[in-house]
Structure formats: C-alpha cells, structure tokens
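Please read the structure below before turning to the comments.
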Amino acid sequence: MQPNSNKLNICIFSAQYLPHMGGIENFTYNLSKALINKGYKVTVITSNTDGWETREESEQIQIIRLPIYNFIEGRYPIIKHNKLFSELKKEIYLEKYDFVIVNARFYIHSIFGLRMAYKRKIPAICIDHGTSHLTVNNKVLDSIGGSYEHLITKIDECYCKNYYAVSPTSLAWLNHFKIIGKGILYNSIDPYHIENIQKNSCDSYRKKYHLSQDDLVLTFTGRLLTEKGLPQLVKAVENLAQTYPNLHLMIAGEGPLKINTPCKNIHLLGRIDFDHVIHLLDETDMFILPSDSEGFSTSILEAGMCNCYIIANDTGGIRDVLRNKEYGIVMNNNSETSVRKAIITAINNKPYWNKAEELTKNNILHHFTWDRTADDVVEIINKMRK
C-alpha cells in the first residue's frame with residue numbers, strides 16, 4: 001500500500017508503553033512504526049509509570065505520558081487528575097487528530113481516549129487484547145476485578161461501537177461482554193528486523209552456560225507471572241532433568257513472580273533486550289508458552305521466525321500459528337503433568353522438527369507481519385473516514 005501523502009495524524013492510546021515491557025506495549029510500538037512507514041503521523045498517549053519524560057519523540061513517534069498512580073504493581077495505571085494532567089488534557093483536546101486507536105478495553109486510560117474521540121467526533125476503534133479477566137491469583141480480588149472490568153467496558157461502549165481483537169479467541173472473548181467484534185487485527189512481527197539482528201554477532205548463551213550442541217535448550221521469554229504457567233513449567237523441568245540431564249530451560253524476562261529452584265538445569269536470565277532475545281531463540285531447540293491466557297503471543301511468532309519447535313497451551317491465536325500437529329504441540333491445559341508430557345512428546349518428535357519449523361515460519365511470514373496488520377488498519381481508517 002502506498003504512503004498516505006496527506007499525513008493523517010493517528011492517535012494511539014496505550015495505558016502502558018515502552019520502555020515498560022509487555023504485549024500491548026510492543027503492539028502499540030510496532031503498529032506505530034508500520035503506520036509511519038506508510039506515511040502517517042503517529043502520537044502515542046500513554047502513562048508515565050516510571051518517571052520518564054512527559055513529552056518525547058522516538059523513531060518519529062510522538063509520545064505523551066500522563067501522570068498516574070501505579071496500581072497492582074504497575075500493571076494497572078490510574079490517571080492522576082492533577083495540574084499536569086489538566087495541561088496535557090487541554091493539549092490533547094486541541095491537537096488535530098484524524099483517527100483514534102485505543103489499546104485495550106479495560107483501562108481508565110482507554111475511557112479517556114474513547115471519550116476524547118467521541119466528544120471531538122473523531123472516528124475511533126478499540127482493540128481488545130484479552131481472552132479472560134485480569135487475575136491477581138486471589139479469588140476475592142479477581143471477582144471484584146471482573147465486576148470492575150464489566151463496568152469499565154459498559155462505560156467504553158458509551159463512546160465506541162467499533163471493537164476489534166488481536167486473535168479469534170480474543171474476538172470471542174468480546175462476546176462475554178455482549179460485544180460483537182468487527183474483525184481481527186493480528187499481533188505480528190517485523191521479519192526483516194529479526195533477520196538483520198540474526199546477521200549480527202552476539203554472546204552465545206550455550207557457551208555462557210557451558211552447553212554443547214547435543215544439549216537440548218527449552219526457552220521461555222516473557223513477563224514472569226503466575227498466569228504464564230511458570231510454576232508448572234519449572235516443576236516439570238525439575239522432574240524431567242532427572243531423566244533427561246541434557247535438557248536445559250532458559251527463562252528470559254522479569255516480573256513480580258520470584259522463581260527459586262535448586263535445579264542446575266534451569267537458568268534465569270532476567271530481562272534481556274530484543275537483540276539478545278533473538279540470539280537466544282536462535283540457539284533454542286524448543287520454545288514453550290504454557291500460559292493460562294494470551295491475547296496473541298508475540299513470543300510465539302518470534303520463536304517461529306527463529307526456527308524453534310513450539311509447545312504452547314491452547315490460548316489466544318495459538319491454533320492460527322500451529323495449525324495442526326505437524327506445526328508443533330498445542331496442549332489442552334497447562335497443568336504440570338500436561339507440560340511434562342508435552343516436552344517428552346517434543347523430544348520424541350525430534351526427527352520431525354525441521355518440517356514443523358518450516359511450516360510454522362512460512363505461516364508467520366504469510367499472515368503475521370506488521371506490514372499486513374498495518375494495511376488492515378489503513379483499510380479501516382479509510383472506510384471510517386468516508
């Protein structure tokens with residue numbers, strides 16, 4: 001699609017944004033870059049979760065960070081209605097925006113964005129990234145949180161009727177709120193960026209942990225959260241290491257979950273930058289994502305681009321990437337037993353890994369790139385602005 005010569009100004013509301021790490025943050029960043037490459041101006045309005053600059057330009061993306069209270073360890077920012085917010089709100093309301101995109105549905109930040117668009121008669125869409133209610137692993141608090149999410153969603157609907165989702169599972173989750181979504185805007189990757197990273201040299205993780213090419217590297221990348229299935233994964237590998245001493249688990253990421261294990265086959269890498277993630281995946285045999293729920297995992301796409309054999313729980317969009325058994329392993333649940341059995345099955349399927357990796361990578365290249373997702377967004381913009 002040709003660049004837009006009119007330089008339409010797209011405003012994207014994202015409650016959290018880089019350098020804060022997460023799926024929605026990466027979605028917002030990559031979609032912004034893809035839209036800029038197509039000739040659009042992009043402004044991201046987000047939360048100032050860690051004392052960053054209030055106004056900033058990064059890679060041609062204009063960023064405005066609102067003052068907030070960090071709630072639930074920063075996972076749920078709430079706008080702080082102080083003098084600075086009043087100044088920024090006035091600035092935002094005066095700026096000429098041609099289209100508004102809100103990521104995602106369940107933040108107070110989202111209501112602010114949708115209400116602004118509604119009052120100023122700017123066409124807007126809301127992109128949902130969830131497949132279940134937010135959990136803090138406390139039944140009472142989760143129940144309250146679920147009711148709160150329904151309330152937030154009802155308020156959203158006062159200002160927006162155009163809902164999209166990042167996966168078929170996420171689209172179906174909208175039905176829980178009696179919302180009929182209008183389509184899917186897939187989470188994606190930039191294959192050219194990954195390929196350029198792969199060309200550069202980097203420290204070897206196998207060398208760092210004294211692993212040979214005969215050792216099997218199983219990798220998880222992402223936020224360290226209980227709902228990612230990490231407790232079950234760690235226990236499964238602790239058990240399997242006794243039978244498979246050449247099996248090693250690499251865990252790359254940070255988060256509130258503290259992982260303590262005596263197993264020498266489990267290596268905690270902490271937070272590593274994107275370049276190092278790609279080089280780690282290049283040295284990985286099997287990638288695993290045992291999450292309770294996902295909107296649409298970027299990590300799965302990155303692993304597929306790096307020719308990893310993939311094991312994942314059946315959550316948002318996984319079956320779009322792993323279309324059948326020839327592509328990888330989709331678990332029916334993420335219990336410790338299921339995780340352990342899936343890893344054993346993968347090890348036994350090693351002769352078929354090359355075919356699975358080729359099928360998965362080709363599927364990603366054809367259907368899950370930011371250029372394609374941006375084209376879908378541009379089509380929506382053009383239709384809604386007529």
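- Considering Asn239, Leu233, Asn333 in turn, Leu233 is the only one that fulfils the side chain to side chain contact (heavy atoms under 4.5 Å, CB included) rule with Val339.
- Counting only N and O atoms by type, the side chains of Glu59 and Tyr29 include a donor and acceptor under 3.5 Å apart.
- In this structure the side chain of Thr284 never reaches within 4.5 angstrom of the side chain of Met250, judged on heavy atoms.
- Side-chain atoms of Lys121 never come within 3.5 Å of backbone atoms of Ala117 as a donor-acceptor pair (strictly under, hydrogens ignored).
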One pair to check against side chain to side chain contact (heavy atoms under 4.5 Å, CB included): Asp156 and Ile179. What are the steps and the verdict?
CA-CA 11 Å; Asp156 283 344; Ile179 295 173; over 6 Å; no

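- At a threshold of 4.5 Å between non-hydrogen side-chain atoms, the residues Pro256 and Leu225 count as touching.
- Counting non-hydrogen atoms of other residues, nucleotides and ligands closer than 6.0 Å to CD of Glu56 gives a total above 12.
- Partners of Trp173 according to the ring pair (Phe, Tyr, Trp, His ring centres under 6.0 Å) rule, which considers only residues two or more places apart in sequence or in another chain, are His133, His176, Phe177.
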Step-by-step side chain to side chain contact (heavy atoms under 4.5 Å, CB included) determination, Val42 to Lys33
CA-CA 8 Å; Val42 176; Lys33 285 204 307 178; over 6 Å; no

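- Between Glu357 and Lys361 there is no salt bridge, since no side-chain N of the basic residue sits under 4.0 Å from a carboxylate O of the acidic one.
- Note on Ile288 and Leu257: same hydrophobic cluster, where clusters join Ile, Leu, Val, Met, Phe, Trp and Tyr whose side-chain heavy atoms are under 4.5 Å apart, directly or indirectly.
- Inter-residue side-chain proximity for Asp285 and Asp215 is flagged as unmet; no heavy-atom pair is nearer than 4.5 Å.
- Residues Glu294 and Ser297 bring no donor and acceptor atom of their side chains to less than 3.5 Å of each other.
- No continuous path of ILVMFWY side-chain contacts below 4.5 Å connects Val44 to Trp52, so the two sit in separate hydrophobic clusters.
- Under the side chain to side chain contact (heavy atoms under 4.5 Å, CB included) test applied with Pro290, the options Gln232, Met331, Lys228 reduce to a single match, Met331.
- By the criterion of side-chain heavy atoms lying less than 4.5 angstrom apart, applied directly or through intervening Ile, Leu, Val, Met, Phe, Trp or Tyr residues, Leu365 is grouped together with Phe296 in one hydrophobic cluster.
- Note on Ile310 and Tyr352: separate hydrophobic clusters, where clusters join Ile, Leu, Val, Met, Phe, Trp and Tyr whose side-chain heavy atoms are under 4.5 Å apart, directly or indirectly.
- When atom types are taken as modelled, the side chain of Asn313 and the backbone of Ser291 share a donor-acceptor pair closer than 3.5 angstrom.
- A 6.0 Å sphere centred on NZ of Lys161 holds more than 12 heavy atoms belonging to other residues, nucleotides or ligands.
- Checked by atom type and distance alone, the side chain of Asn48 pairs as donor or acceptor with a backbone atom of Gly51 at under 3.5 Å.
- Across all their heavy atoms, Gly304 and Thr360 have their closest contact at CA-CG2, 4.2 Å.
- Under the 3.5 Å distance criterion, with hydrogens and angles disregarded, no donor-acceptor pair is assigned to the side chains of Tyr164 and Asp376.
- No side-chain heavy atom of Ser188 sits under 4.5 Å from any side-chain heavy atom of Arg372.
- By the 4.5 Å heavy-atom criterion applied to side chains, Leu66 and Ile92 are counted as neighbours.
- Taking Ile, Leu, Val, Met, Phe, Trp and Tyr as hydrophobic and joining them when side-chain heavy atoms fall under 4.5 Å apart, one finds Ile144 in a cluster with Val140.
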Would Leu322 and Leu359 count as a side chain to side chain contact (heavy atoms under 4.5 Å, CB included) if you check the C-alpha gap in whole Å, the side-chain angles of each, and the deciding distance to 0.1 Å?
CA-CA 9 Å; Leu322 306 181; Leu359 286 169; over 6 Å; no

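- Donor-acceptor pairing under 3.5 Å is recorded for the side chains of Asp273 and His276.
- Taking both residues in full, the closest heavy atoms of Gly39 and Lys7 are given as O-CD, 3.4 Å, listed atom of the first, atom of the second, then distance.
- At a cut-off of 3.5 Å, with distance as the only test, no side-chain donor of Ser167 or Ser170 sits close to an acceptor on the other residue.
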Asp275/Cys202 under side chain to side chain contact (heavy atoms under 4.5 Å, CB included): CA gap, chis, key distance, verdict
CA-CA 8 Å; Asp275 287 21; Cys202 186; over 6 Å; no

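- Neither side chain, Thr131 nor Thr169, offers a donor N or O lying under 3.5 Å from an acceptor on the other.
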Name each donor-acceptor pair under 3.5 Å that joins a side chain in residues 240-247 to protein atoms two or more places apart or in another chain, with its distance.
residue : atom : partner : partner atom : Å
Asn246  : ND2  : Asp214  : O            : 3.3

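- Listed here is the closest heavy atom pair of Tyr159 and Ile111: CE1-CG2, 4.3 Å.
- Arg223 and Gly255 make their closest contact through NH1-CA, 3.7 Å (heavy atoms, listed as atom of the first residue, atom of the second, distance).
- Applying the salt bridge (charged side-chain N to carboxylate O under 4.0 Å, His left out) rule to Asp190 yields no partners; only residues at least two apart in sequence or on another chain are considered.
- Heavy-atom minimum distance, Phe27 versus Asn187: CD1-OD1, 3.6 Å.
- To the nearest 0.5 Å, atom OH of residue Tyr118 and atom SG of residue Cys160 are 11.5 Å apart.
- Annotation: side chain of Lys350 is not in contact with side chain of Tyr309 (no heavy-atom distance under 4.5 Å).
- Ion pairing of Asp50 with Arg65 is absent here, as no side-chain N (NZ or NE/NH1/NH2) approaches a carboxylate O to less than 4.0 Å.
- Using a 4.5 Å heavy-atom cutoff, the side chains of Ile364 and Met305 are in contact.
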In residues 96-106, what donor-acceptor pairs under 3.5 Å come from side-chain atoms, sequence neighbours left out?
residue : atom : partner : partner atom : Å
Lys96   : NZ   : Asp98   : OD1          : 2.6
Asp98   : OD2  : Asn9    : N            : 2.7
Asn103  : OD1  : His129  : NE2          : 2.9
Asn103  : ND2  : Thr28   : OG1          : 3.2
Arg105  : NE   : Asp128  : OD1          : 2.9
Arg105  : NH1  : Glu149  : OE2          : 2.9
Arg105  : NH1  : Thr153  : OG1          : 2.9
Arg105  : NH2  : Asp128  : OD1          : 3.1
Arg105  : NH2  : Glu149  : OE2          : 3.0

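- No side-chain donor-acceptor contact under 3.5 Å links Thr43 and Glu95.
- Judged purely by distance below 3.5 Å, without hydrogens or angles, the side chains of Asn363 and His367 pair a donor atom with an acceptor atom.
- Ion pairing between Glu195 and Lys199 fails under the 4.0 Å rule for side-chain N and carboxylate O.
- For residues 197-229, the ring-ring contact (aromatic ring centres under 6.0 Å, His included) pairs, not counting sequence neighbours, are Tyr209-His267.
- Taking both residues in full, the closest heavy atoms of Arg385 and Pro123 are given as CG-CG, 4.0 Å, listed atom of the first, atom of the second, then distance.
- In summary, the side chains of Asp292 and Asn334 do present a donor paired with an acceptor at a separation below 3.5 Å, with no hydrogens or angles considered.
- Proximity of Pro262 to Glu238: side-chain heavy atoms (C-beta onward) are separated by under 4.5 Å at one or more points.
- In this structure, Ser14 contributes its side chain and Thr46 its backbone to no donor-acceptor pair below 3.5 Å.
- Note that CD of Glu91 and CD of Glu87 are 9.0 Å apart. Values are rounded to the nearest 0.5 Å.
- For the residue pair Thr49/Gln16, the side-chain donor-acceptor check at 3.5 Å is not satisfied.
- For Tyr93 and Lys89, the side-chain atoms include no donor-acceptor pair closer than 3.5 Å.
- Residues Tyr192 and Ile189 are members of separate hydrophobic clusters, defined by side-chain heavy-atom contacts under 4.5 angstrom among Ile, Leu, Val, Met, Phe, Trp and Tyr.
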